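Worksheet: one structure, shown below.
Keep in mind that this is a model prediction, so the values were computed, not measured. Every chain is numbered from 1, with letters handed out A, B, ... down the list of sequences.
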Protein chains: 2
Amino acid sequence: MNIGQASERTGVSAKMIRYYEEIGLLPSAARRANGYRDYGDREVAVLQFVRRTRDLGFSLEEVSALLALWSDKKRPSRDVKRLAETHIADLERRIREMRAVMKTLRQLAQHCHGDERSDCPILDDLAKPRAPSAKRARRT
Amino acid sequence: MNIGQASERTGVSAKMIRYYEEIGLLPSAARRANGYRDYGDREVAVLQFVRRTRDLGFSLEEVSALLALWSDKKRPSRDVKRLAETHIADLERRIREMRAVMKTLRQLAQHCHGDERSDCPILDDLAKPRAPSAKRARRT
DNA sequence: GTTGACCTTACCATTGTGGGAAGGTGCAGG
DNA sequence: CCTGCACCTTCCCACAATGGTAAGGTCAAC
């Protein structure tokens, strides 16, 4: 089948299918006499796998690792689980950060009239010079 | 003061200070006779404002809007609050999405032995062809 | 034979940041 | 005075992942 059909069946845009091939995430697709890429059920399955892992937030690099694990029938399931849990931990960390930011923003917004008046605690706070306060997450 | 000092005091890299100027987020810095950019307390305050808003996850475009609101002494606080709340809503949405993903991943990981054995429900699930199931968030 | 839907490659844009090269400047020590 | 080092300047490249578009080839239907 053509790339358009493969795209339609997997939800991966033709653009991205070509890109994945270009960066080596996918093997080079077979070509027909006219130069068109040709896809079969196996390729479609791989694309669905990629689509699914992308939807779960894995980076292309992680997807690549997952594809390798997938095709290696003898790899220990530990390897897969570790990758998944690392990703989960990453999501947890990002969510924690975002929640902290939200908390701050909510507090700021709460004290802002939000009407015609021009005085605004949000901007006042944003403009307040921060205490140097522990430069960065120090790892010492 | 030179860009290096300004960077150190604000936590914004010299690279980024130049970039912000280039894209018009910041006005062109004053130059000394030798061509070096020259920063004073006012500029440092603006950079701190930018740094702070960036830390709170606002995009440069939003930062630009906030800077404009900040310098417009007569704008209604409603404008500021709206921008902040839009950002909060955005964070909420993203967190919801990430939590949904985490839930799925946790379920998958939970059923994976994670040991030497090679059978792995995570990969099995990722490989399962999805039911077409409501293509995308349809807006009809 | 023409039209329209598809395919091909190739390049550009996005967002925000870092890296580095090539060259000028400024100061301190010899 | 010269040298070295730390700083500044601009310019270009890279990343991640995706979309857009243009210029051209192909195929099927009419």
Next on the checklist: Just the rounded figure in Å: distance from P of D:dT18 to CZ of A:R54.
Outcome noted: 4 Å
Checklist entry - Could you state the CE-C1' distance from A:M16 to D:dT18, rounded to the nearest angstrom? => result 4 Å
Next on the checklist: On the nucleotide C:dT17, are OP1 or OP2 found under 4.0 Å from the side-chain N or O atoms that B:Y20 carries?
Outcome noted: yes
Checklist outcome for this item: In whole angstroms, the gap separating P of D:dC27 from CZ of A:R32 amounts to 9 Å
Item to check | D:dT18 phosphate, OP1 or OP2, under 4.0 Å from A:S13 side-chain N/O | outcome: no
Item to check | Length of the CD1-P vector between B:I3 and D:dT10, whole Å | outcome: 9 Å
Item to check | Hydrophobic cluster membership, B:M1 vs B:Y36, 4.5 Å side-chain cutoff | outcome: no
Next on the checklist: From OH of B:Y39 over to P of D:dC7, roughly how many Å is that when rounded to an integer?
Outcome noted: 16 Å
Checklist entry - Can any side-chain N or O of A:R32 pair as donor or acceptor with the backbone N or O of A:D38 at less than 3.5 Å? => result no
Checklist outcome for this item: Taken to the nearest whole Å, CD1/A:I23 to P/D:dC15 is 11 Å
Checklist entry - Hey, is the main chain of B:V12 close enough, under 3.5 Å, to the side chain of B:S7 for a donor-acceptor pair? => result yes
Item to check | Rounded distance in Å - CD (B:E8) to P (D:dA6) | outcome: 15 Å
Item to check | Residue mapping more 5' on DNA chain D - nearest nucleotide basis, B:R31 or A:L60 | outcome: B:R31
Checklist entry - Of all heavy-atom pairs between A:S77 and B:D119, which one has the smallest distance, and what is that distance? => result CB-O, 3.5 Å
Checklist entry - Under the 3.5 Å rule, do the base of C:dG16 and the side chain of B:K15 count as making a donor-acceptor pair? => result no
Next on the checklist: When you measure from the side-chain N and O atoms of B:R18 to the phosphate of D:dT9, is any distance below 4.0 Å, counting only OP1 and OP2?
Outcome noted: yes
Checklist entry - Quick one: does B:Y36 reach the base of C:dG26 with a side-chain donor-acceptor pair under 3.5 Å? => result no
Item to check | Stepwise salt bridge (Lys or Arg N to Asp or Glu O under 4.0 Å) test for A:R106 and B:E92 | outcome: CA-CA 11 Å; A:R106 284 214 182 95; B:E92 280 168 346; 2.4 Å; yes
Checklist entry - Rounded to the nearest Å, what distance is computed from the CZ atom of residue A:R37 to the P atom of nucleotide D:dC27? => result 16 Å
Next on the checklist: Side-chain N or O of A:N34 versus OP1/OP2 of D:dG25: is the shortest distance under 4.0 Å?
Outcome noted: no
